[in-house]
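Take a look at the structure below.
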Protein chains: 2
Amino acid sequence: MQKSHEDRQSAAPAYHVDRQVGFFLRQANQRHVAIFANAIGDKLTTTQWSALSKLKEIQPCSQNQLGRETAMDVATVKGVVDRLVKRGFVATAPDQNDGRRVVLSLTEDGLAVIAANVGAAVAATEETLAPLTSGERMMFLELLQKIC
Amino acid sequence: MQKSHEDRQSAAPAYHVDRQVGFFLRQANQRHVAIFANAIGDKLTTTQWSALSKLKEIQPCSQNQLGRETAMDVATVKGVVDRLVKRGFVATAPDQNDGRRVVLSLTEDGLAVIAANVGAAVAATEETLAPLTSGERMMFLELLQKIC
DNA sequence: AATTTTTCATTTGTATGCGAATGAGTATCA
DNA sequence: TGATACTCATTCGCATACAAATGAAAAATT
């Protein structure tokens, strides 16, 4: 078998975008977002869901803190929170001790929408990992966390 | 040790957003995009890089086909291609046989910018996977592909 | 040949996601 | 106290990402 022109020129293997981690990460994320959107009943995005869920754990808290806890940029979390406030899931109040802060908390509706969709969120996680066996899932999650 | 209220109510484990695949996938992708942006010298995004690299493999081709090959929505690939055309990396021409199609191809500058940045792209992949050992990388990529 | 379906490209609207800049408020420290 | 540094929230610009709708052209079907 004759060697290809490329192989004759250098020992470096051919570059293929569709074999790079970044390419797969983007696709895997895309697939999960689609699964989540399909599973959830109340038109909540993955980031909105993250914000709501995290807020339930750490409320009351400032907007920036929520952003840090959910790995969102300040500009990003601003938009996410704005939409959640607009829909009545999150309430804002000025901080008494710090004039800069806006204190975030969940409303009744916010708590209700979380309760109503936890099942779907769990199902979305399950469906995303469906192609993997139980052992593969543990291994995958462990490795995935390492590159975050 | 007394059982928590939650445990008494149900056998279901507590839900934590920051332990779900989706949460990690988003973060891992974020980190890679940041690494890539930092490594590349010519202000190319990961999607723009995907489009250019793939185009080099399959040119000439239509816009929609490029979108399918790079896992991009028709609306998304439109914007990506527009910016690449604007910067002179991609040329468009009407298809002789099909009045709907726009035939895409790389320009001289397009080929040059790819050549000038392959090294950085490889380095970005390397840095993204840096937290993993060689064996872990193979395992991770294999599992990641399964959930795409 | 006429109808239906599919494909292609485009546009609109909504939602992230980040860099960078700004202004207001707080904390630190000389 | 006064200068400096930091934090918080906001805003602007740019770049994905998808749903949905549109119009034009091609392919498949009857």
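These numbers come from the heavy atoms of this one structure, side chains and all, not from hydrogens, waters or symmetry mates. Remember, predicted model here, so these are calculated numbers, not experimental data.
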Roughly, in whole Å, what's the span from [atom1] in [X] to [atom2] in [N]?
{"X": "Leu44(A)", "N": "dA15(C)", "atom1": "CG", "atom2": "C1'", "answer": "13 Å"}
{"X": "Gln63(B)", "N": "dT11(C)", "atom1": "CD", "atom2": "P", "answer": "10 Å"}
{"X": "Phe36(A)", "N": "dC18(D)", "atom1": "CZ", "atom2": "C1'", "answer": "16 Å"}
{"X": "Ile40(A)", "N": "dA15(C)", "atom1": "CD1", "atom2": "C1'", "answer": "16 Å"}
{"X": "Asp73(A)", "N": "dA9(D)", "atom1": "CG", "atom2": "P", "answer": "13 Å"}
{"X": "Asp82(B)", "N": "dT12(C)", "atom1": "CG", "atom2": "P", "answer": "13 Å"}
{"X": "Arg101(A)", "N": "dC6(D)", "atom1": "CZ", "atom2": "C1'", "answer": "12 Å"}
{"X": "Leu84(B)", "N": "dT16(D)", "atom1": "CG", "atom2": "C1'", "answer": "13 Å"}

Considering only side-chain heavy atoms of [X], which listed nucleotide, [options], is closest?
{"X": "Ser62(B)", "options": "dA19(D), dA9(C), dT16(D)", "value": "dA9(C)"}
{"X": "Val102(A)", "options": "dC8(D), dT16(C), dA9(D)", "value": "dA9(D)"}
{"X": "Arg83(B)", "options": "dT16(D), dT16(C), dT11(D)", "value": "dT16(D)"}
{"X": "Arg26(B)", "options": "dA17(D), dA15(D), dG17(C)", "value": "dG17(C)"}

Using atom types as modelled and distance alone, determine if a side-chain donor or acceptor of Asn117(A) lies under 3.5 Å from a backbone N or O of Val113(A). yes

May I ask you to say what [X] touches in the nucleic acid, namely base, sugar-phosphate or nothing, with a heavy-atom cut-off under 4.0 Å?
{"X": "Asn29(A)", "value": "nothing"}
{"X": "Asn97(B)", "value": "sugar-phosphate"}
{"X": "Gly99(B)", "value": "sugar-phosphate"}
{"X": "Val33(B)", "value": "nothing"}
{"X": "Asp98(B)", "value": "sugar-phosphate"}
{"X": "Thr76(A)", "value": "base"}

Do Gln20(A) and Thr125(B) have side-chain atoms, one donor and one acceptor, less than 3.5 Å apart? yes

Roughly how far, to the nearest 0.5 Å, is the CZ atom of Arg68(B) from the OG1 atom of Thr70(B)? 10.0 Å

Gap separating the CZ atom of Arg31(B) from the CZ atom of Arg26(B), nearest 0.5 angstrom: 15.5 Å

Under-4.0 Å salt bridge between Lys86(B) and Asp82(B): no

Verify the contact: side-chain N or O of Asn64(B) to OP1 or OP2 of dT7(C), cut-off strictly under 4.0 Å; return yes or no. no

Any Gln48(B) side-chain nitrogen or oxygen under 4.0 Å from OP1 or OP2 of dT16(D): yes

Honestly curious: do Leu55(B) and Val103(B) fall in one hydrophobic cluster under the side-chain, below-4.5 Å linking rule? no

Assuming nearest nucleotide by heavy-atom distance, tell me which of Val80(A) and Ala75(A) is located more 5' along DNA chain C. Val80(A)

When the nearest nucleotide of DNA chain D is assigned to Ala34(A) and to Thr46(B) on a heavy-atom basis, which residue is associated with the more 5' position? Thr46(B)

Per nearest nucleotide of DNA chain D, the residue lying toward the 5' end, Gln96(B) or Thr47(B), is Thr47(B)

Any N or O donor-acceptor pair under 3.5 Å from the base of dT7(C) to the side chain of Arg100(B)? yes

